[in-house]
Amino acid sequence: MSTALMDGELGALVKVSAVVWAVMSYARLAAARLRPGAPRLAALLPVVVLLYTIPFAFSTTTFRGTSGFFLTWLGSFKLLLLAAGSGPLDPSLRLHQFVCSASLPVKLRQSNSKEKSKAPARGPARILLCGAVIPAIIYAYQFKNSMNRYQLLALYTLHIYFSLDLLLATVHTVIHNLLGMEMEPQVDHPYLASSLRDFWGRRWNLMVPSILRPSVFRPVRARLGAAAGVLATFLVSGLMHELIFYYIMWTPPSGEVTAFFVLHGACAAAEGWWASHAGWWCPPRAAAVPLTLAFVAGTGFWMFLPAMVNGGLDEMVLQECQGMVVLMEQAGRRLAGATDLVSSTM
């Protein structure tokens, strides 16, 4: 990553931020003036379409992937829910609260002073932890040629987990300190999941199920039943993951990621059917947790992670990370030179 490329990305970020602020302000005004239904949907659809073009403004995988997740997926679904008169957005929110709620992967809620005083300051600690682990992972990529397939996929899994945690912890810290508001938790000890429904619905990347539940699951369940609702939800999740992968890698979807989520959806629906029969045997938690994690990891190694490797995402991320390190070293040398120059003139 060159200095010119980084400057270009920062310039694009400023422009995109201004555009997002403007269109979300319009969305808030339109929602306040129009009743839920077709008129509000017609007013918000241009904004939804625009959000699907935002990732094309960036050149690096980091900015394309982040904007695809924040705006194209979560932001557009929030606006569609707003058009129906539901979801986390409310035109009665203050402008900055509305824009942040619509543009970031958070569901904001006001908290009183007692709750704030009890809430631990986990954001900075998580940032420091991820900031220490991620460079070690990047360094380990130098030895990828000597790793077997499973070791390499395990390394990619750790990279995804800690990168997502770093991203969400950073957003949490900014939201908490600048706006004086709290976020609902984004993950809840996913390594303790005792079933697929527990993992995807209550523990992993919680903002996604909180958006898909009212926008996909509940409408489909009301018409076709719970199993169809689960399958439709996982299908939509797979398609949106394919879209984000396209934004990041510029390669046509392979279908592997969608197949991964459809498989998990079918298994989650089967879990629900089995659990609905009172008295049927269920494995004890001590066995259910490792079985769940083994299934998630095994199918992830088989269907999810290869889509990234075959698309060359690992090489793209590695080059960008190495370029970022070079830029930081150059900035450090320039700062040290400036400091020496000032010292010599005093």
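Computation of the quantities below employed the complete heavy-atom set of this structure, encompassing side-chain atoms and omitting hydrogens, waters and symmetry-equivalent molecules.
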Looking only at heavy atoms, which two atoms of [X] and [Y] are closest? And how far apart?
X    : Y    : answer
L212 : S237 : CD1-CB, 3.9 Å
S210 : R213 : CA-NH1, 3.9 Å
L93  : R28  : O-NE, 2.9 Å
V262 : L231 : O-CD2, 4.4 Å
V296 : L196 : CG2-CD2, 3.8 Å
R197 : A275 : NH2-CB, 3.5 Å

Kindly say whether [Y] contributes a backbone atom to a donor-acceptor pair with the side chain of [X] at under 3.5 angstrom?
X    : Y    : result
S67  : R64  : yes
K78  : S101 : yes
R40  : L82  : yes
W274 : A269 : no

Side-chain heavy atoms nearer than 4.5 Å, only ILVMFWY residues, links allowed to pass through others: does that put [X] and [Y] together?
X    : Y    : answer
L81  : F217 : yes
M147 : L305 : yes
I137 : Y191 : no
V133 : L158 : yes
L243 : F58  : yes

Rounded to the nearest 0.5 Å, how far does [atom2] of [Y] lie from [atom1] of [X]?
X    : Y    : atom1 : atom2 : result
R218 : R223 : CZ    : CZ    : 14.0 Å
L155 : F143 : CG    : CZ    : 11.5 Å
F69  : I244 : CZ    : CD1   : 6.5 Å
L51  : T53  : CG    : OG1   : 7.5 Å
I54  : K15  : CD1   : NZ    : 12.5 Å
L45  : L80  : CG    : CG    : 7.0 Å

| query | Which pairs count as salt bridge (charged side-chain N to carboxylate O under 4.0 Å, His left out) when at least one residue sits in residues 244-266, sequence neighbours excluded? | reply | none
| task | Report the C-alpha distance between M240 and V208 in whole Å, list the side-chain angles of each, state the deciding distance to 0.1 Å, and finish with yes or no for side chain to side chain contact (heavy atoms under 4.5 Å, CB included). | result | CA-CA 11 Å; M240 294 308 297; V208 170; over 6 Å; no
| message | One pair to check against side chain to side chain contact (heavy atoms under 4.5 Å, CB included): F63 and V16. What are the steps and the verdict? | response | CA-CA 11 Å; F63 284 94; V16 166; over 6 Å; no
| task | Apply side-chain contact (heavy atoms from CB on, under 4.5 Å) to V257 and list each qualifying residue two or more places apart in sequence or on a separate chain. | result |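 Scan of V257 (side-chain contact (heavy atoms from CB on, under 4.5 Å), adjacent residues dropped) gives H241, E242, F245, F261, F304, A307.
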| Going by the angle between their ring planes, with limits at 30° and 60°, are F56 and W250 parallel, tilted or perpendicular? | parallel
| request: Assign the ring pair W273 / H277 to parallel, tilted or perpendicular, where the plane angle (0 to 90°) is split at 30° and 60°. | output: perpendicular
So, using side chain to side chain donor-acceptor pair (under 3.5 Å) as the criterion, who are the partners of [X] when residues are at least two apart?
X    : result
S276 : none
R285 : S194
N205 : none

| note | Contacts satisfying ring pair (Phe, Tyr, Trp, His ring centres under 6.0 Å) that involve residues 14-54 (not counting sequence neighbours) are none
| message | Apply side chain to side chain contact (heavy atoms under 4.5 Å, CB included) to residues F260 and T299 and explain how you reach the verdict. | response | CA-CA 7 Å; F260 167 83; T299 54; 3.4 Å; yes
| query | For L71, which of S103, P55, S76 qualifies under side-chain contact (heavy atoms from CB on, under 4.5 Å)? | reply | S103
| request: I would like to know whether D198 and L192 meet side chain to side chain contact (heavy atoms under 4.5 Å, CB included); could you show each step before the answer? | output: CA-CA 9 Å; D198 186 28; L192 297 180; over 6 Å; no
| field | ring pair (Phe, Tyr, Trp, His ring centres under 6.0 Å) partner of H264, the single match among W200, F199, W302 | value | W200
| Is the H96 to F98 ring centre distance short of 6.0 Å? |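 No, too far apart.
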